[in-house]
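Structure first, then comments.
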Amino acid sequence: MRSLRKRPHDGFDRVMWPCEWLDHFPASTTSLRKCCKAITKSRIKGKYDKIMKIVTRFAPSPTGFLHIGGARTALFNWLYARHYSGVFHLRIEDTDKIRSEAASINAILNGLNWLNILWDGDPIFQSTRINRHIEIIKSLLKKGAAYYCYATIEELKEMRAKGKNTGQFIGYDGRWRDRDQREAPPGVLPTIRLRVQREGETILNDLVQGRVTVMNKQLDDMILLRADATPTYMLSVVVDDHDMGVTHVIRGDDHLMNALRQAQIYQAMGWEMPQFAHIPLIHGPDGTKLSKRHGALGVETYREIGFLPEAICNYLTRLGWSHGDIEIFSTNQAVTWFDIRDVGRSAARFDLAKLTAINAHYLRRMADSQLVKLLLPHIKTLIGVPVDTVGQCRLEAAMPSLKLRARTISELAKAALFYVQPRPLSLNKKACQYLDSFGRATLMVLAERLAASCRVWEAQALEDDIRQLALEQNLTLGALARPLRAALTGAVVSPPIFEVMQILGREESLARLDDVLACQCEVLSYQCEEL
RNA sequence: GUCCCCAUCGUCUAGAGGCUCAGGACUCCGCUCUUUCAAGGCGGCAACACGGGUUCAAAUCCCGUUGGGGACACCA
């Protein structure tokens, strides 16, 4: 349940709320809330287009892979921009050169590409904009909105410790706020801090979290320029968002407090603030912020495991956002339906089981030929050699059945392996158990019958034949199918065995039976131990 | 510790004061189909954190409590 009372209606209330919209309201006692719902998006959208172009951005710092939380933030920004025919930018926040890595940048770019979250224009590297950031800091200094601070690291540590002990103030105490620079200690390189307002409160009308208020005395004078003359994130992000014309900042809830602090920079510069939407974080199974500690993986790892990008996007979009009861939707549907107002306010736990279930759905819907393409690298890894043309044909023919039995590409690869493994097939332990002396005797009869059979090698005909044989031998079909499956697939679980025979073909099927029959019991059991 | 945010089945969620002794999805458990395993079909278990208000009527609005999370760097 979410309350609209505290939430701004959307990003545009300041532009056209409420007088223009009131014309659309029915002249009844129906509440304002219901009217908001009643106005169709298309009508609103027509107005948006005339009034303002939506600009969103995803701004990761390249300090690691693109994780699942980052991917969702990117996705929400992308969806929002696309929904309103706006612009979605990618900005790499690489101002901390020590922690930024080229490999991370690649991982982020590749991850977004794979998920088909495509940004407009070239990625913007924050590090290339340092001169502009410094220019703004100088201008703040000139306005008296910023000042030099000569406090040492040790002093700052002391302040924090004192704050915690007294349970009062936390952070910088403003000791250089009004002090004469001529008192500067020799040899200390200064930082530049923002002169944050002391009185009153700062209010943020967040599109997701609603109205958030904080007393200004809770905000200390944050550093804009480090002692090494590099700008901090807090400053850069504001300058870049402003210069890029970002209208909507959609980011993780962990930035909520930053928005309050950044508001002071916007104010000091006299810039209009963008709309903020702080989306709830994704939590691990234990309910805390998803992190490496939970074994959180980069999106490329999900790719390697065999998840489909459509499935990941579907799952991630549905995490914290909903459109009624609809669970499965296409990207186009998501773009049509997505709006920040439908994003929930509470954190969601990452549930691999549900992701896997959604992946299974997309896997089944995917074209067989396309699946084979995705499957080949996985199988190559398993058998060590590329799959030949015959193998590829078998895989494609088998795909309709195989894909019902797998939820990820790697599961699919394991299930499909027996189709392309070279003879003699290795058998797993359970399969060996079905090939005891009784099983082998049964198989012998079966092999003779199949070898002598003149009928076409086709699933239905084979099934008819073997059912007939079962009748003659006074056996159940299962009693024949079990050793047959063991010998042909090396396992006790497989797609329907007559279909398997058809796809393997007469020659290969009979050869696999011969392999087992030619093999001594001791060898079989030896094989089992190996497995 | 201080500040901020959050609260419906185990998980993701529907819910806009009366259509709801709360619906869907995942998970789990039955049954069915069946040559195995799946898939499919049918069914089941399972939630409005608590306490006060407001109202004819509260999961829904207000206040408080409790619980959970996040932020408190010369990181981003």
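Both A:V212 and A:L281 lie close to RNA chain B; mapped to their nearest nucleotides by heavy-atom distance, the more 5′-ward contact belongs to A:V212. Between A:V214 and A:M234, the residue anchored closer to the 5' end of RNA chain B is A:V214, taking for each the nucleotide with the nearest heavy atom.
Remark: C1' of B:U36 and CG of A:L404 are 15 Å apart, rounded to the nearest angstrom. Residue A:D254 contributes atom CG, which lies 9 Å from atom P of B:C72 at whole-angstrom precision. In this structure, A:L256 atom CG and B:A76 atom C1' are separated by 16 Å, rounded to whole Å. If you measure from atom CG of A:L319 to atom C1' of B:A25, you get 13 Å, rounded to the nearest angstrom. Between the NZ atom of A:K414 and the C1' atom of B:C37 there is a distance of 16 Å, given to the nearest Å. If you measure from atom CH2 of A:W176 to atom P of B:C74, you get 17 Å, rounded to the nearest angstrom. Straight-line distance from the CZ atom of A:R407 to the P atom of B:A39: 9 Å, rounded to whole Å. Atom CG in A:D173 sits about 16 Å away from atom C1' in B:U2, given to the nearest Å.
Both distances falling under 3.5 Å, in either a Watson-Crick or a G-U wobble arrangement, place B:U66 opposite B:A7. Pairing for B:A22 is absent, with no Watson-Crick or G-U wobble pair whose two atom distances lie under 3.5 Å.
Between B:G23 and B:U32, the distance separating the two C1' atoms is 26 Å to the nearest Å. As rounded to the nearest Å, B:U55 and B:C62 have P atoms that lie 16 Å from one another. Here, B:G1 and B:G40 have their P atoms 50 Å apart, quoted to the whole Å. B:A38 and B:G30 are spaced 12 Å apart, taking the P atom of each and rounding to whole Å. Between the P atoms of B:C50 and B:G10, the separation comes to 13 Å (whole Å). Comparing the P positions of B:A58 and B:A16 gives a spacing of 16 Å, expressed to the nearest Å. A gap of 34 Å separates the C1' atoms of B:G17 and B:G43, to the nearest Å.
Considering only side-chain atoms of A:F498, the nucleotide from B:C12, B:C6, B:U35 that sits closest is B:U35. Nearest to the side-chain atoms of A:I153 among the listed nucleotides B:G69, B:C74, B:A39 stands B:C74. Ranking B:C6, B:C26, B:U35 by closeness to the A:R345 side chain, first place goes to B:C6. Here the side chain of A:Q209 is nearest to one of B:U13, B:C74, B:C5, namely B:C5. Nearest to the side chain of A:Q218, among B:C6, B:U2, B:U35, sits B:U2. In the set B:U35, B:A25, B:U27, the nucleotide with an atom closest to the side chain of A:A353 is B:U27. Between B:U35, B:A76, B:C5, one nucleotide has an atom nearer to the side chain of A:E93 than all others, and that is B:A76. Proximity note for A:S61 (side chain, C-beta onward) versus B:U27, B:U36, B:A76: the nearest is B:A76. Distances from the side chain of A:H283 to the nucleotides B:C74, B:U35, B:G69 place B:G69 closest. Comparing B:G70, B:A76, B:C37 by their nearest atom to the side chain of A:M257 picks out B:G70.
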Please step through side-chain contact (heavy atoms from CB on, under 4.5 Å) for the pair A:L469 and A:D465, ending with a clear verdict.
CA-CA 6 Å; A:L469 181 65; A:D465 235 7; over 6 Å; no
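Taking side-chain N and O atoms only, A:R160 has a distance below 4.0 Å to OP1 or OP2 of B:C74. Within the structure, every side-chain polar atom (N or O) of A:T476 is placed at least 4.0 Å from both OP1 and OP2 of B:U35. The phosphate of B:A14 has OP1 or OP2 within less than 4.0 Å of a side-chain N or O from A:S322. Remark: A:R482 is not in phosphate contact with B:U36, judged by side-chain N or O atoms under 4.0 Å from OP1 or OP2. Taking side-chain N and O atoms only, A:K289 has a distance below 4.0 Å to OP1 or OP2 of B:A71.
Both cation-pi conditions hold for A:R193 and A:Y172: the charged atom is under 6.0 angstrom from the six-membered ring centre and inside a 45 degree cone around its axis. With A:F76 as the aromatic partner, A:R72 meets the cation-pi criteria of under 6.0 angstrom to the ring centre and within 45 degrees of the ring axis.
A donor-acceptor contact under 3.5 Å is not formed by the side chain of A:R318 with the base of B:C12. Applying the 3.5 Å distance criterion, the base of B:A71 shares no donor-acceptor pair with the side chain of A:N258. Interface remark: the A:D325 side chain does form a donor-acceptor pair with the B:G23 base, using a distance-only criterion of under 3.5 Å. Scanning atom types as modelled, no donor and acceptor separated by under 3.5 angstrom connect the side chain of A:R467 and the base of B:U35.
Ring to ring, A:F65 and A:H67 are not that close: their centroids are 6.0 angstrom or more apart.
Across all non-hydrogen atoms, the minimal contact from A:I326 to A:R318 is O-NE, 3.0 Å. Residues A:P62 and A:D94 share a closest heavy-atom pair of CG-CB, 3.9 Å.
Checking A:Q468 against A:D464 by side-chain atom types alone, no donor-acceptor pair falls below 3.5 Å.
With sequence neighbours left out, A:D368 forms a salt bridge (Lys or Arg N to Asp or Glu O under 4.0 Å) with A:K403.
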